[in-house]
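In what follows, a single structure is set out as structure tokens and then discussed.
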Amino acid sequence: MKVAILTLGCKTNQAESFHWEAFLGREGHRIVELEERPDICIINTCTVTAKADYQSRQLIQRALRNKARVIVTGCYAELRGDEIRKLDDTIRVVKNSDKQNIGALISSGTLTRTLALPVYPRQRPIVKVQDGCDFSCSYCAITMARGRSRSVLPEEVISEVRSYEAAGYGEIVLTGIHLGLYGLDLVPRLSLSGLLKKLLHATHKVRFRLSSLEIKEVNEEILDLLSDRRLCRHLHLSIQSGDDTVLSLMRRRYRREDLIAGLGSLVKRQPDCGLGADIIAGFPGEGEEEFRNTRELLEAFPFSYIHAFPYSRRPGTEASSYPGQVSDEVKKRRAEVLRAIGETKRTGFIQRQSSSGKTLEVIVEQKERNGFTATSDNYIKVFLDTSAYDGPLREGMLIFARLTGHHNGRALGMPINSGELLNK
């Protein structure tokens with residue numbers, strides 16, 4: 001049977017979708033694109049913004065036009081199942097709590113975390129280690145859609161990671177809805193740093209990259225572990241605002257002084273760390289002074305990129321009924337200002353790394369004319385010029401590369417010859 005799997009949203013959704021792809025492929029089904037007229041289309045939706053809702057509906061309607069049997073799951077399906085059924089009463093809506101049973105709707109096998117698929121659709125597999133969130137930020141619908149925090153048992157994570165390492169992958173991305181809560185629900189209790197220590201001990205060559213964390217979750221143990229070559233010097237921080245009034249309205253669990261102290265400690269300990277930030281522009285109650293505080297915080301620290309989004313009013317959330325809603329025009333303008341700061345920061349980070357001729361560990365990702373694209377441990381995209389390189393090189397390989405310059409938003413680098421290759 002031909003099956004298409006369409007995914008919107010976060011890395012957690014991507015990890016879930018790959019498990020279905022692996023399972024169905026192992027069961028003998030053919031995974032295809034929507035344009036290949038599948039018999040069944042599974043759509044893993046997102047509801048983080050109004051735009052994500054719209055994109056989810058678009059995908060559903062495209063699948064219906066292709067005459068596929070449609071199964072819809074994910075956060076939009078969890079919260080707006082009735083809306084989806086109105087599009088077509090043949091659609092099967094699967095709640096997030098039943099996602100693990102999606103494979104059984106198509107095949108008779110049992111979905112497991114031990115994969116037998118020979119090729120992951122990218123060079124850096126994503127492993128879901130946690131789901132849900134115990135907090136209720138006033139703007140966020142994801143807690144309603146995902147429920148409380150639930151951690152994957154460490155032995156299951158280790159088993160999956162080992163299967164990727166055995167298959168030759170060089171990097172694993174660990175993800176969750178609120179990754180920093182990992183292990184707090186387990187008995188005996190564990191932590192994210194504890195999981196990392198177990199993974200480093202249980203594997204040999206593969207390196208690990210973390211998805212989003214909050215500033216208070218970047219504790220001393222995480223900072224210590226960042227000194228290990230096999231934990232990527234790259235942190236993506238869910239900051240959202242640099243103003244105390246707005247942070248309080250958002251019901252975030254830190255204040256501006258926490259951001260300043262945490263960022264200062266991080267930069268001092270790991271000055272070459274790739275540092276990303278999520279920011280919401282135009283949250284209700286954000287005036288020009290509050291926006292200026294956020295802008296000044298971002299300008300004060302060496303972020304390497306910024307993801308800035310206009311505030312999106314989500315039905316059922318506390319912030320949707322707040323007074324002081326900001327106009328779409330102002331939200332858009334503020335987001336553009338923050339993105340411009342982010343672009344300047346990104347360019348400056350690449351230039352600083354390149355001009356000093358840094359030697360970085362990179363994972364080779366895609367063949368290009370006269371070379372390869374790669375990603376460094378501190379999250380710089382690098383073009384590797386292989387014209388003067390005589391060593392072995394392939395996609396998925398971890399190597400050292402010396403940066404030689406930059407062009408069109410990415411660094412240029414030369415692979416270091418065979419004596420310094422990290423793996424064959």
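- Aromatic ring pairs are classed by plane angle as parallel below 30°, tilted from 30° to 60° and perpendicular above 60°; the pair Phe283 and Tyr311 is perpendicular.
- Distance check, rounded to the nearest 0.5 Å: CG of Leu153 to CG of Leu195 gives 11.0 Å.
- Considering all non-hydrogen atoms of both residues, Ser376 and Asn378 come closest at OG-OD1, 2.5 Å.
- Side chains of Ser17 and Thr7: a donor-acceptor N/O pair is present below 3.5 angstrom, by distance only.
- Between Asp377 and Arg233 there is a salt bridge, since at least one side-chain N of the basic residue sits less than 4.0 Å from a carboxylate O of the acidic one.
- In this structure, the side chain of Glu217 engages the main chain of Glu214 through a donor-acceptor pair within 3.5 Å.
- Inspection of the Thr203 and Arg230 side chains reveals an N or O donor paired with an N or O acceptor under 3.5 Å.
- Note: Phe309 and His307 have perpendicular aromatic rings, judged against thresholds of 30 and 60 degrees for the angle between ring planes.
- With hydrogens and angles left out, the side-chain atoms of Thr49 and Ser312 include no donor and acceptor closer than 3.5 Å.
- Side-chain atoms of Leu200 and Phe208, non-hydrogen and from C-beta on, do get closer than 4.5 Å to each other.
- Side-chain N/O atoms of Thr73 and Lys95 include no donor and acceptor closer than 3.5 Å.
- Side chain of Ser265 to backbone of Gly262: no donor-acceptor contact under 3.5 angstrom is found.
- Using a 4.0 Å cut-off between charged side-chain N and carboxylate O, Glu220 and Arg269 make a salt bridge.
- The number of heavy-atom neighbours closer than 6.0 Å to CD of Glu33, taken from other residues, nucleotides and ligands shown, is 12 or below.
- The closest donor-acceptor contact from the side chain of Glu165 to the backbone of His204 lies under 3.5 Å.
- Separating the CD atom in Gln366 from the CZ atom in Phe383 is a distance of 11.5 Å, to the nearest 0.5 Å.
- Contacts classified as ring-ring contact (aromatic ring centres under 6.0 Å, His included) and involving residues 46-88 (residues at least two apart or in different chains) are not found.
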(Q) Using side-chain contact (heavy atoms from CB on, under 4.5 Å), reason through Lys198 and Val157 one step at a time and then give a plain yes or no. (A) CA-CA 10 Å; Lys198 287 178 179 291; Val157 179; over 6 Å; no

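- Counting heavy atoms from C-beta on, the side chains of Ile363 and Arg207 come closer than 4.5 Å.
- Tyr164 and Tyr169 have perpendicular rings, their planes meeting at more than 60° on a 0 to 90° scale where under 30° would count as parallel.
- The pair Lys2-Glu36 does not count as a salt bridge, with every side-chain nitrogen at least 4.0 angstrom from each carboxylate oxygen.
- Side-chain N or O atoms of Gln130 include one that pairs as donor or acceptor with a backbone N or O of His178 at under 3.5 Å.
- For the pair Lys99 (side chain) and Glu16 (backbone), a donor-acceptor distance under 3.5 Å is absent.
- Judged purely by atom type and a 3.5 angstrom limit, Asn66 has no side-chain atom pairing as donor or acceptor with the backbone of Arg37.
- With hydrogens and angles disregarded, no donor-acceptor distance shorter than 3.5 Å links the side chain of Arg146 to the backbone of Cys75.
- For the pair Leu297/Ile260, a side-chain contact is recorded, criterion being any heavy-atom separation below 4.5 Å from C-beta on.
- Ile5 CD1 to Trp20 CH2: the interatomic distance, rounded to the nearest 0.5 Å, is 7.5 Å.
- Using a 4.5 Å heavy-atom threshold, the side chains of Asn219 and Ser191 count as separate.
- Look at Arg346 and Glu343 and you find a salt bridge, because one of the NZ, NE, NH1 or NH2 atoms lies within 4.0 Å of a carboxylate O, short of that distance.
- Between Gly176 and Thr12, the closest heavy-atom pair is C-OG1, 3.3 Å.
- With sequence neighbours left out, the side-chain hydrogen bond (donor to acceptor under 3.5 Å, both in side chains) criterion links Asn293 to Asp243.
- With 3.5 Å as the limit, one finds a donor-acceptor pair spanning the side chains of Asp185 and Ser151.
- The shortest side-chain heavy-atom distance between Thr175 and Cys10 does not fall under the 4.5 Å cut-off.
- Scanning all heavy atoms of the two residues, the minimum distance from Arg410 to Lys381 falls at CB-O, 3.2 Å.
- No side-chain donor-acceptor contact under 3.5 Å links Glu290 and Ser241.
- Taking a 6.0 Å sphere around CD of Glu35, one finds it holds more than 12 heavy atoms contributed by other residues, nucleotides or ligands.
- Side-chain atoms of Ser136 and Arg251 include no donor-acceptor pair closer than 3.5 Å.
- Lys345 contributes a side-chain N or O that, together with a main-chain N or O of Leu298, makes up a donor-acceptor pair within less than 3.5 Å.
- With a 4.5 Å cut-off on side-chain heavy atoms, Ile172 and Leu199 do not count as touching.
- Taking CG of Leu213 as the reference point, atom OH of Tyr182 lies at 14.5 Å (rounded to 0.5 Å).
- Note: Asn101 CG to Ile106 CD1 = 12.0 Å, rounded to the nearest 0.5 Å.
- When atom types are taken as modelled, the side chain of Ser159 and the backbone of Glu155 share no donor-acceptor pair closer than 3.5 angstrom.
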(Q) Between Arg295 and Glu286, is the salt bridge (Lys or Arg N to Asp or Glu O under 4.0 Å) condition met? List the steps. (A) CA-CA 12 Å; Arg295 192 180 68 238; Glu286 181 188 78; over 6 Å; no

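- With rounding to the nearest 0.5 Å, the separation of CZ in Arg339 from CD1 in Ile341 is 12.5 Å.
- For His29 and Phe23, the gap between ring centers reaches or exceeds 6.0 Å.
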Q.
salt bridge (Lys or Arg N to Asp or Glu O under 4.0 Å), that's the test. Do Asp82 and Arg85 meet it? Break it down for me.
A. CA-CA 5 Å; Asp82 290 343; Arg85 293 183 185 95; 3.3 Å; yes

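- The minimum heavy-atom distance between Ser320 and Gln325, with the atom names listed, is O-NE2, 3.7 Å.
- When only modelled atom types and interatomic distance are considered, Tyr139 and Arg252 share a side-chain donor-acceptor pair under 3.5 Å.
- Residues Leu338 and Ala281 share a closest heavy-atom pair of CD1-CB, 4.1 Å.
- The shortest side-chain heavy-atom distance between Leu174 and Leu196 falls under the 4.5 Å cut-off.
- Residues Asp53 and Arg314 meet the side-chain proximity criterion, which asks for heavy atoms closer than 4.5 Å.
- The minimum heavy-atom distance between Ser56 and Thr45, with the atom names listed, is OG-CB, 3.4 Å.
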Q | Residue pair Leu259, Leu237: steps toward the side-chain contact (heavy atoms from CB on, under 4.5 Å) verdict | A | CA-CA 10 Å; Leu259 291 169; Leu237 300 177; over 6 Å; no

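- In this structure, Arg209 contributes its side chain and Glu171 its backbone to no donor-acceptor pair below 3.5 Å.
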